[in-house]
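Hydrogens, waters and symmetry mates are skipped; everything else that's a heavy atom, side chains included, is used. Residue indices begin at 1 and follow the sequence shown.
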Amino acid sequence: MVRHPWLAAVLLGSAATPAAVILAVPAPRPLDAILAWPLVLMDVWVGSGGGARVPGGVGHGAPARVAALALGIALTWVHYVALARLVIWRVADIESDEP
């Protein structure tokens, strides 16, 4: 059994988040939403296409988009930490029920 389940969850979530984000970037739309759904929601909310863009340059909404994507990555991390904690809790619960 894990002595510090939240520490283990933070470590697992911190390892899973970059992997999910890196795998979600080149993935097609349905698969990226499975891997990093908070990041995809923030990307869709801010709008990955369209908008006011300068030809050959960065769009006018670039600071807002970068902030929203950073928030999406942070929410993805929170998601994976919570998921890891849930898995640790269930595994510890199953181990404690065994005779």
Side-chain angles (χ1 to χ4, degrees):
M1 184 162 36
V2 179
R3 292 175 71 108
H4 303 287
W6 278 107
L7 178 61
V10 167
L11 291 175
L12 288 171
S14 296
T17 300
V21 170
I22 289 170
L23 291 173
V25 169
R29 185 50 64 173
L31 185 58
D32 67 349
I34 293 170
L35 294 171
W37 65 267
L39 177 61
V40 172
L41 285 178
M42 293 303 290
D43 187 36
V44 169
W45 182 60
V46 171
S48 58
R53 292 186 179 256
V54 177
V58 178
H60 293 293
R65 182 156 189 246
V66 169
L69 293 178
L71 180 61
I73 291 172
L75 291 173
T76 301
W77 177 78
V78 168
H79 166 73
Y80 276 108
V81 168
L83 184 65
R85 181 60 180 104
L86 179 67
V87 168
I88 291 169
W89 172 65
R90 293 300 300 162
V91 168
D93 191 38
I94 291 170
E95 286 180 357
S96 66
D97 288 343
E98 291 180 359

query = How would you list, by chain and number, every residue that makes a side-chain contact (heavy atoms from CB on, under 4.5 Å) with Ala84, sequence neighbours excluded?
reply =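 For Ala84 the side-chain contact (heavy atoms from CB on, under 4.5 Å) partners, ignoring immediate neighbours, are Ala9, Leu12.
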query = Who pairs with Ala33 by side-chain contact (heavy atoms from CB on, under 4.5 Å), at least two apart in sequence or on another chain?
reply =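 Val40.
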What's the spacing between [X] [atom1] and [Y] [atom2] if we round to 0.5 Å?
X	Y	atom1	atom2	value
Leu35	Thr17	CG	OG1	11.5 Å
Ile34	Leu23	CD1	CG	12.5 Å
Asp93	Leu86	CG	CG	10.5 Å
His4	Leu11	NE2	CG	11.0 Å

ask   = Are any non-hydrogen side-chain atoms of Leu69 and Leu39 less than 4.5 angstrom apart?
value =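 Answer yes - side chains close enough.
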query = In the hydrophobic clustering that connects Ile, Leu, Val, Met, Phe, Trp and Tyr at side-chain heavy-atom distances below 4.5 Å, which members other than Val81 occupy its cluster, ordered by chain and number?
reply =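 Members besides Val81, by chain and number: Trp6, Val10, Trp77, Val78.
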Ignoring hydrogens, what is the shortest heavy-atom contact between [X] and [Y]? Give both atom names and the distance.
X	Y	value
Asp32	Ala24	CB-O, 3.2 Å
Tyr80	Ala16	CD2-CB, 3.9 Å
Ala36	Ala20	CB-O, 4.4 Å

inquiry  = Taking Leu75 as the starting point, is it possible to reach Trp45 by hopping between hydrophobic residues whose side chains are less than 4.5 Å apart?
reply    =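 Linked within one cluster.
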